[in-house]
> 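Here it is, the structure in full.
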Number of protein chains: 2
Amino acid sequence: MNKKQLIVKLSGSLNLSKADAERTFDTITNTILDALKGDDSVKIAGFGTYKVAKRKARVGRNPRTGEQIQIAASQKVKFLPAKALKEVFNR
Amino acid sequence: MNKKQLIVKLSGSLNLSKADAERTFDTITNTILDALKGDDSVKIAGFGTYKVAKRKARVGRNPRTGEQIQIAASQKVKFLPAKALKEVFNR
DNA sequence: AATTGGGTATGCAATATTTGCATGTAGAAA
DNA sequence: TTTCTACATGCAAATATTGCATACCCAATT
């Protein structure tokens with residue numbers, strides 16, 4: 001499912017126009033992102049936790065040529081599924 | 001930030017009561033989960049992709065006793081941040 | 001509705017990182 | 001109050017990561 005299809009579904013279940021459903025959805029994702037930018041984690045009970053993980057610089061390798069490369073430190077958003085969510089998929 | 005705080009923020013920016021904001025939010029997460037149950041991935045442009053990852057069975061260990069245990073195969077929800085999202089955090 | 005630009009999946013090699021096991025505790029959230 | 005979540009531990013095996021070309025799919029613009 002892509003974003004457009006998701007919006008259509010939400011538009012139905014939230015009883016909103018597609019435009020409003022999309023606005024609502026974007027507001028939510030932006031709010032989560034803003035919180036993460038503030039170096040925060042966002043915990044959503046029953047769903048999961050978004051957090052920013054810091055990765056150290058390290059030595060990697062170009063698999064095509066085999067040559068070593070320096071990989072810069074970076075940050076990445078991680079999602080840790082809640083317990084309830086794991087159970088849903090393991091039955 | 002936890003769910004309650006998120007709901008308060010959303011209530012403000014969406015101009016909804018807290019109860020409605022929460023209902024809206026839950027509807028969205030449930031819709032995403034339902035899509036994932038259908039063995040689908042959910043791609044959200046500019047944010048990321050949720051997908052169900054299958055993990056193979058393997059040998060683990062009880063860290064308390066040190067004894068080996070067989071870990072069953074399982075499924076887990078993965079979130080892959082979109083490119084745009086990575087860039088936000090690496091500047 | 002069709003085109004186009006852009007993001008994304010794939011495969012590859014070698015290594016770094018993550019995962020997940022059991023379980024009690026602390027802390028937070030419902 | 002009662003439920004949920006993070007953390008800590010040792011260790012083996014699964015998986016992510018990196019560059020890059022190609023194919024593909026999607027989003028937005030015309």
Side-chain angles (χ1 to χ4, degrees), chain A residues 1-9 18-19 21-23 25-26 29 35 40-90, chain B residues 1-9 11 18-19 21-23 25-26 29 35 39-90:
Chain A
M1 166 166 358
N2 59 37
K3 185 175 174 185
K4 184 178 283 184
Q5 297 168 313
L6 179 63
I7 295 299
V8 170
K9 276 216 175 205
K18 279 191 221 165
E22 180 156 20
R23 242 189 304 278
F25 185 79
D26 289 344
T29 55
D40 237 332
S41 67
V42 179
K43 291 187 198 179
I44 298 159
F47 186 65
T49 303
Y50 296 92
K51 55 169 57 176
V52 178
K54 298 180 198 311
R55 304 180 169 285
K56 290 183 188 168
R58 63 194 167 80
V59 176
R61 188 173 292 270
N62 181 336
R64 191 162 288 271
T65 64
E67 93 185 283
Q68 291 202 340
I69 11 177
Q70 182 62 25
I71 300 171
S74 66
Q75 295 191 292
K76 156 171 197 182
V77 176
K78 257 181 66 174
F79 175 73
L80 300 98
K83 192 183 171 190
L85 202 145
K86 287 185 196 167
E87 284 163 5
V88 168
F89 290 95
N90 291 307
Chain B
M1 168 168 353
N2 59 37
K3 185 174 176 186
K4 185 179 284 184
Q5 297 169 313
L6 179 62
I7 295 300
V8 170
K9 275 215 175 206
S11 160
K18 280 189 219 167
E22 180 157 19
R23 240 189 306 276
F25 186 78
D26 289 343
T29 55
D39 213 325
D40 237 331
S41 66
V42 178
K43 293 186 195 178
I44 298 161
F47 187 65
T49 303
Y50 296 91
K51 55 168 60 177
V52 178
K54 297 180 199 310
R55 302 187 170 282
K56 293 181 186 167
R58 63 198 168 80
V59 175
R61 189 172 293 270
N62 182 336
R64 197 160 284 272
T65 63
E67 95 184 282
Q68 290 204 340
I69 5 178
Q70 183 62 24
I71 301 174
S74 66
Q75 295 191 293
K76 154 171 198 185
V77 176
K78 253 181 65 173
F79 175 74
L80 300 97
K83 191 183 177 190
L85 201 144
K86 287 184 197 169
E87 284 163 5
V88 168
F89 289 96
N90 292 308

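Note that this is a predicted model, so its numbers are computed, not measured. Proteins come first, then strands; the chains are lettered A, B, ... in the order of their sequence lines, and each starts at number 1. FYI, side chains are in, hydrogens and waters are out, and symmetry mates aren't considered; it's all heavy atoms of this structure.
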> To check you understand the geometry: which heavy-atom pair defines the closest contact between Ala53(B) and Lys78(B), and what is its length?
CB-CD, 3.8 Å

> Distance check needed: dT9(D) P versus Ile69(B) CD1, whole Å only.
18 Å

> Checking contacts here: which listed nucleotide (dA27(D), dT8(C), dT5(D)) is nearest the side-chain heavy atoms of Lys4(A)?
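Per side-chain heavy atoms of Lys4(A), the pick is dA27(D).
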
> What's the CD-C1' distance between Gln5(A) and dC25(D), to the nearest Å?
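After rounding, the gap between these two atoms is 11 Å.
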
> Side chain of Lys83(B) only, heavy atoms from C-beta on: which candidate in dA14(D), dA29(C), dG7(C) is closest?
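Of all the options, the side chain of Lys83(B) is nearest to dG7(C).
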
> Please tell me if Asn2(A) has a side-chain N or O lying less than 4.0 Å from either OP1 or OP2 of dA27(D).
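Checking dA27(D) against Asn2(A), a side-chain N or O does come within under 4.0 Å of OP1 or OP2.
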
> Nearest-nucleotide wise, let me know which of Lys51(B) and Arg55(B) is further upstream toward the 5' end of DNA chain C.
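Nearest nucleotide further toward 5': that of Lys51(B).
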
> Would you say that Val77(B) contacts Lys51(B) through its side chain, given a criterion of any heavy-atom pair below 4.5 Å between the two side chains?
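Counting from C-beta outward, Val77(B) and Lys51(B) never come under 4.5 Å.
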
> Please tell me which of Ala45(B) and Ala53(B) maps to the more 5' nucleotide of DNA chain D, matching each residue to the nucleotide holding its nearest heavy atom.
Ala53(B)

> Look up atom CG in Asn62(B) and atom CD in Glu67(B), then write down how far apart they are to the nearest 0.5 Å.
6.0 Å

> Could you tell me how far apart Phe79(B) (CZ) and dA16(D) (P) are, to the nearest whole angstrom?
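Rounded to the whole Å, the gap is 15 Å.
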
> Do the side-chain N or O atoms of Thr49(A) get closer than 4.0 angstrom to the phosphate oxygens (OP1, OP2) of dA6(D)?
yes

> Hey, what's the ring geometry for Phe79(B) with Phe47(B), parallel, tilted or perpendicular (30° and 60° as the breaks)?
tilted

> Hey, which of Lys3(B), Gln5(B), Lys4(B) is the one that makes side chain to side chain contact (heavy atoms under 4.5 Å, CB included) with Met1(B)?
Gln5(B)

> Figure out the CZ/P separation between Arg61(A) and dT17(D), and round it to whole Å.
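Spelled out: CZ on Arg61(A) to P on dT17(D) is 18 Å.
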
> Could you tell me how far apart Lys78(B) (NZ) and dT17(D) (C1') are, to the nearest whole angstrom?
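Rounded to the whole Å, the gap is 11 Å.
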
> Let me know the distance between CG of Leu80(A) and C1' of dC7(D), rounded to the nearest Å.
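In whole Å, dC7(D) C1' lies 12 Å from Leu80(A) CG.
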
> For Lys43(B) and dC25(D), give me the distance from atom NZ to atom P, rounded to whole Å.
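Roughly 9 Å, once rounded to whole Å.
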
> Specify the residue among Lys76(B) and Pro63(A) whose closest nucleotide of DNA chain C lies further upstream toward the 5′ end.
Pro63(A)

> Taking CZ from Arg64(B) and C1' from dT23(C), how many angstroms apart are they, rounded to a whole number?
5 Å

> Assign each of Val59(B) and Ala82(A) to its nearest nucleotide of DNA chain D by heavy atoms, then name whichever residue's nucleotide is nearer the 5' end.
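First, find each residue's nearest nucleotide; the 5'-ward one identifies Ala82(A).
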
> Ignoring the backbone of Gln68(B), work out which of dA12(D), dA27(D), dT17(D) is nearest its side chain.
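That would be dA12(D).
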
